[in-house]
Amino acid sequence: MTAAYQQLYINGQWISPHSDSQIRVVNPANGELYATVPSANTDDIDAAIHAAKAAFPRWSATPAKYRADLINTIADGMQARKDELIDAIIHSMGCPAALADELQVQGSIDAFRSFASLTQHMDDTDTHDNFITMKEAVGVCVLINPWNYPLSQLVGKLGPALAAGCTAILKPAEQTPVQDLILADIIHQAGVPAGVVNVLTAVGADVGEYLCSHKDVDMVSFTGSTLAGVKVAQAAAPGVKRVCQELGGKSPYIIAPGADLAAAVRYGVEDVMINAGQTCCALTRMLVPATELETVERIAAEAASEWRPGNPKEQQTMMGPLSSHAQQARVKHYIEQGIKEGARMICGGEPLDDSLLDGAYVAPTIFSDVTNDMTIAREEIFGPVLCIMPYDTLEEAIAIANDTPYGLSSGVYGKDTDEAKQIARHIRAGQCYIQGALFNTDAPFGGYKQSGNGREWGLSGLHEYTETKALII
Ligand code: NAD
């Protein structure tokens, strides 16, 4: 049965929107309508920003301990309603149940709690000869998220915003709005003061400019495509707002000569195939010694065969559909482009079970002999597609790794950690995963070059939501 959400969460209340327009949320596993949510217009935006502005003076002046306790109470509420959150993510973006549980929801709850403990840093001061520095909240923040890790990205913005003492307007992606509406209810039950958090479900392309240029907004934190990120920055520029952009990536992964190939290649395949390849920091360009190409291809194809697409509701499914049929068409187009430009497909295109034919599925696909001028090596595909690229020398590998407009993430698997750390220092990217390391929500995350500005997560993430004040004595 379709879930019909009728209201927006503004100023501590559920409010009917000013327009009748609705957003249809389609389940990509079968093409069926999963939910409808209101499509907020500029009057709703005005109301939300007005509420956030009015709430800011009191909220930002609350003791850090009070905000930390509230963040933990929200995390308790998320834990209690974990099944609803998981359900929303499975049905709106097709994420497999086990992954939705562990990574998308439980990981987000744990990360939210980590911002409760970071809140104490808002009391830190730094004393110098005749001045003291301190941190204060930026103000009213617009938090715009994409659909690929909808709850985790929300937490990566809302956690530090609340910890810092900012007030917020949440704008989820139109494909995945439901977890934000559940969270609004959790926030309400937790007793967060009216106006501190407001949730607007809306079409970004329609209202984005209005939202990001609004005179009463102090900061916009955006995660999504580079194209929309540029538009956000342009809209925010005349008002000189703080803009944090977490954008796309085409991240390199260097496997150095002498590395444990079985472990290194399996790690690389998993990194790309998880979440059906819809991970902004996925290590999609695997650079391998040319002399090892054949062995790498064999290990990679074998590892990819474990990622057979299946019904996301089943616990054993590792790969669900892509998040929409539009995304499926986009990824298939890139695969055709790869074939046309001469890349060698070593797996992909396998027939799907009949039961999956209505879904937005794409089989795990690996290309080898990819050169860095090919479209599939330059553009973000955002699907389960890995490019294997042979190199002759490590210098050449580093040059290929850096030959990209992006700089979000990277990886190195060396013969040992010391060698991998040394290679990592030459790569222009915000993160580098060494010897098969895993994502850590305490580590700063963000891009060089066209992958963005600013950092999320951990203490750096908290500081994005602060101004520095100096008291000169
Ligand atoms: P998208 O840019 O189309 O949409 C992202 C969000 O921006 C949505 O909420 C959308 O409604 C909104 N939006 C769209 N146009 C807007 C505008 N003009 N003004 C304001 N908001 C607007 O991206 P997507 O297709 O949903 O997400 C995929 C992209 O996100 C990929 O490029 C991926 O790399 C990137 N991403 C980056 C990170 C990161 O942390 N760097 C994380 C996840 C996804």
Side-chain angles (χ1 to χ4, degrees), residues 23 25 28 37 39-40 42 45 92-93 103-104 142-157 169-177 179-180 199-214 217 220-237 241 243-251 272 274-284 322-324 326-331 334 379-383 404-410 429-431 439 441 443-457 461 464:
I23 297 171
V25 183
V37 302
S39 181
T42 53
I45 291 174
S92 56
M93 64 160 290
L103 190 63
Q104 301 252 20
V142 165
L143 312 178
I144 301 177
N145 274 313
W147 41 259
N148 57 335
Y149 290 94
L151 187 64
S152 158
Q153 278 143 346
L154 185 169
V155 162
K157 296 185 191 314
I169 294 98
L170 304 182
K171 212 302 280 168
E174 35 280 51
Q175 297 89 333
T176 52
Q179 74 290 321
D180 279 41
V199 178
L200 294 177
T201 49
V203 177
D206 295 349
V207 301
E209 194 181 337
Y210 189 82
L211 194 54
C212 301
S213 62
H214 198 288
V217 168
V220 182
S221 179
F222 172 86
T223 298
S225 60
T226 300
L227 193 70
V230 170
K231 288 187 182 159
V232 164
Q234 284 169 335
K241 301 178 193 313
V243 178
C244 178
Q245 296 156 298
E246 299 291 347
L247 310 176
K250 193 74 202 177
S251 300
V272 171
I274 200 159
N275 211 31
Q278 303 162 118
T279 305
C280 51
C281 53
L283 304 172
T284 47
L322 297 193
S323 63
S324 66
Q327 190 63 16
Q328 179 196 36
R330 186 183 134 102
V331 172
Y334 275 115
E379 296 183 13
E380 186 179 47
I381 299 175
F382 230 53
T404 167
Y406 294 113
L408 185 58
S409 188
S410 60
Q431 289 199 328
F439 188 80
T441 53
F445 179 85
Y448 286 22
K449 302 193 264 181
Q450 289 180 27
S451 287
N453 282 305
R455 292 293 177 269
E456 291 197 319
W457 301 107
E464 287 291 331

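Remember, predicted model here, so these are calculated numbers, not experimental data. Indexing begins at 1, ligand by ligand and atom by atom, following the structure's order.
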(message) Looking only at protein heavy atoms, which one is nearest to atom 28 (C) of ligand 1, and what is the separation?
(response) Phe382 CE2, 3.6 Å
(request) For atom 4 (O) of ligand 1, decide whether some protein heavy-atom distance is shorter than 4.0 Å. (result) no
(message) Does only the side chain of Glu380 get under 4.0 Å from ligand 1, or the backbone, or both, or neither? Count heavy atoms.
(response) side chain
(message) Which of the numbered atoms in ligand 1 are under 4.0 angstrom from any heavy atom belonging to Ala228?
(response) 2 (O), 14 (C), 15 (N), 16 (C)
(request) Specify side chain, backbone, both or neither for Tyr149, according to which of its non-hydrogen atoms lie closer than 4.0 Å to ligand 1. (result) neither
(request) Tell me which part of Thr223 gets within contact of ligand 1: side chain, backbone, both or neither, using heavy atoms under 4.0 Å. (result) both
(request) Answer yes or no: does an N/O atom from Gln175 fall short of 3.5 Å to an N/O atom of ligand 1? (result) no
(message) Please list the nearest protein heavy atom to atom 39 (C) of ligand 1 with its residue and the distance rounded to 0.1 Å.
(response) Cys280 SG, 3.2 Å
(request) Give a yes/no verdict on whether any heavy atom in Phe222 is under 4.0 Å from an atom of ligand 1. (result) yes
(message) I want to confirm something. Looking only at heavy atoms, which of Gly452, Ala282, Gly229, Gly204 is nearest to atom 22 (C) of ligand 1?
(response) Gly204
(message) Which residue and atom name correspond to the protein heavy atom nearest atom 1 (P) of ligand 1, and how close is it?
(response) Ser225 OG, 3.6 Å
(request) Before giving the answer on side chain to side chain contact (heavy atoms under 4.5 Å, CB included), spell out for Lys157 and Leu170 the whole-Å C-alpha distance, their side-chain angles and the decisive distance to 0.1 Å. (result) CA-CA 9 Å; Lys157 296 185 191 314; Leu170 304 182; over 6 Å; no
(message) Going by the closest heavy atom to atom 8 (C) of ligand 1, which one wins out of Leu211, Asn145, Leu227?
(response) Asn145
(request) Out of Gly224, Ser409, Gly248, indicate the one that has the non-hydrogen atom closest to atom 35 (C) of ligand 1. (result) Gly224
(request) Can you sort out which atoms of ligand 1 are near Asn148, meaning under 4.0 Å from one of its heavy atoms? (result) 43 (C), 44 (C)
(message) Residue-level breakdown please: for Lys231 versus ligand 1, do any non-hydrogen atoms fall below 4.0 Å on the side chain, on the backbone, on both, or on neither?
(response) side chain
(message) For atom 10 (C) of ligand 1, what's the nearest protein heavy-atom neighbour? Residue, atom name and distance, please.
(response) Glu174 OE1, 3.5 Å
(request) Using a strict 4.0 Å threshold on nitrogen-to-oxygen distance, state whether Glu464 and Arg455 make a salt bridge. (result) no
(message) As an exercise, identify every atom of ligand 1 less than 4.0 angstrom from a heavy atom of Pro172.
(response) 9 (O)
(message) Using a 4.0 Å heavy-atom cut-off, which part of Leu247 comes near ligand 1: side chain, backbone, both, or neither?
(response) backbone
(request) Show which atoms of ligand 1 fall inside a sub-4.0 Å distance from at least one heavy-atom site of Gly208. (result) 19 (N), 20 (C)
(message) Test of understanding: given a 4.0 Å heavy-atom threshold, classify the contact between Gln278 and ligand 1 as side chain, backbone, both, or neither.
(response) neither
